[in-house]
S.K.: 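Here it is, the structure, as structure tokens.
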Amino acid sequence: MQPIPSRPRLVASILPADFARLGEECRALQDAGIDRIQWDVMDGAFVPNLTVGPDVIASVRRVVDVEFEAHLMVQRPEPLLERWVEAGCEIVIVHAETCVHLHRTLARLRELGVRAGVALNPATPLSAVAHVLDLVDLVLVMTVNPGFGGQAYLSTMESKIAEAAALIGRAGRAIELEVDGGIGPDSIAGAARAGANTFCIGSALFRSRDAMSQELARLRQLATASEDAA
Ligand SMILES: O=C(CO)[C@@H](O)[C@H](O)COP(=O)(O)O
């Protein structure tokens, strides 16, 4: 079981990357000191966008060592669960909104030997995960409506983040609380103060493509200072 991160965990969303150079982009993220890479998997049905499949992830897996998480923004995640694991993802995150049998899907991910995450869209209440916390290693609170990078951070989600932190605290298990969407220098402190300990960052990181390690250090410092102040 993964310990709760002692320091803020920074995850890079692949969405803003140059898809013609994914291997190089992921190597640059790894060299800059990212803790994990998030593959934003989109099917054009659950969200109005279409991105990558397991074969692309498997190709990039061969050239970087950093952990991968697959964020499945897809209408039907169950049929391909094994494929993300075979592609080399250490974490697979499904959306509560897409799983009729969420308990069974999360249990299946644990059987496959990967860490299981559950994501909640902004309108989805935390109660959707209240009865599966024994099966999850990560709760992902979306701070934008999923589908595209570069959207504005929804600060109204901070009460939900705080609620999630309290729920996780009562569960007595090592569960990461990740936020995703519009995370950057102007929003990471608020999310950290609310209780997030893992931060998925896309546009704000790739905007600093030429100084990625410095930007990561700045974001980590902003998150750490806010967690300490919380
Ligand atoms: O997952 C999504 C949207 O579906 C994005 O939130 C990316 O994962 C991060 O992009 P930025 O908001 O950081 O540009």
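Given the structure is predicted, the values throughout are model-derived calculations rather than measurements. One-based numbering, in listed order, for ligands and for the atoms of each.
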S.K.: Considering only NZ, NE, NH1 and NH2 on the basic side and carboxylate oxygens on the acidic side, decide whether K160 and E163 come within less than 4.0 Å.
M.R.: no

S.K.: Spell out, yes or no, whether I93 and V56 are grouped together once hydrophobic residues are joined by side-chain heavy atoms under 4.5 Å, including indirect joins.
M.R.: no

S.K.: Show the atoms of ligand 1 that are less than 4.0 angstrom away from any heavy atom in V144.
M.R.: 6 (O)

S.K.: Report yes if some N/O of G202 lies less than 3.5 Å from some N/O of ligand 1; otherwise report no.
M.R.: yes

S.K.: Atom 12 (O) of ligand 1: which protein heavy atom is closest, and how many Å away?
M.R.: G182 N, 2.8 Å

S.K.: Quick check on contacts: which atoms of ligand 1 are under 4.0 angstrom from a heavy atom of G150?
M.R.: 11 (P), 12 (O), 14 (O)

S.K.: I'd like to know if the side chain of T105 pairs up with that of E78 as donor and acceptor (distance under 3.5 Å, no hydrogens or angles considered).
M.R.: yes

S.K.: Strictly below 4.0 Å, N to O, side chains only: are E82 and R108 in salt-bridge contact?
M.R.: yes

S.K.: Looking at Q38, which atoms of ligand 1 are within less than 4.0 Å of one of its heavy atoms?
M.R.: 8 (O)

S.K.: Kindly write out the residues that satisfy salt bridge (charged side-chain N to carboxylate O under 4.0 Å, His left out) with D210, not counting sequence neighbours, or none if the list is empty.
M.R.: none

S.K.: Compute the shortest N/O to N/O distance between Q151 and ligand 1 and return yes if it is under 3.5 Å, no if not.
M.R.: no

S.K.: As an exercise, identify every atom of ligand 1 less than 4.0 angstrom from a heavy atom of G181.
M.R.: 6 (O), 12 (O)

S.K.: Side chains of S13 and D40: any donor to acceptor distance under 3.5 Å?
M.R.: yes

S.K.: Do G149 and ligand 1 have an N or O pair less than 3.5 Å apart?
M.R.: no

S.K.: Evaluate the ring planes of W39 and F68, with Trp represented by its six-membered ring, and classify them as parallel (under 30°), tilted (30 to 60°) or perpendicular (over 60°).
M.R.: perpendicular

S.K.: Just need the protein heavy atom nearest to atom 5 (C) of ligand 1, so name the residue and atom and give the distance.
M.R.: D180 OD1, 3.6 Å

S.K.: Taking D180 for the side chain and M142 for the main chain, is one N or O donor matched with an acceptor at less than 3.5 Å?
M.R.: no

S.K.: Is any side-chain heavy atom of V92 closer than 4.5 Å to one of L72?
M.R.: yes

S.K.: Under a 4.0 angstrom heavy-atom cut-off, which atoms of ligand 1 come close to G147?
M.R.: 3 (C), 4 (O)

S.K.: Identify the protein heavy atom lying closest to atom 1 (O) of ligand 1, giving its residue, its atom name and the separation to 0.1 Å.
M.R.: D40 OD2, 3.0 Å

S.K.: So which heavy atom in the protein is nearest atom 14 (O) of ligand 1, and how far is it from that ligand atom?
M.R.: S203 OG, 2.4 Å

S.K.: Considering only heavy atoms, does V47 approach ligand 1 within less than 4.0 Å through its side chain, its backbone, both, or neither?
M.R.: neither

S.K.: Considering the options E176, E178, E69, which one meets the side-chain hydrogen bond (donor to acceptor under 3.5 Å, both in side chains) requirement together with T198?
M.R.: E176

S.K.: For ligand 1, which atoms sit closer than 4.0 Å to a heavy atom of M73?
M.R.: 1 (O), 4 (O)

S.K.: M42 heavy atoms, cut-off 4.0 Å: which ligand 1 atoms fall inside?
M.R.: 4 (O)

S.K.: Identify, by atom number and element, the atoms of ligand 1 in contact range of P146, meaning under 4.0 Å from any of its heavy atoms.
M.R.: 3 (C), 4 (O)

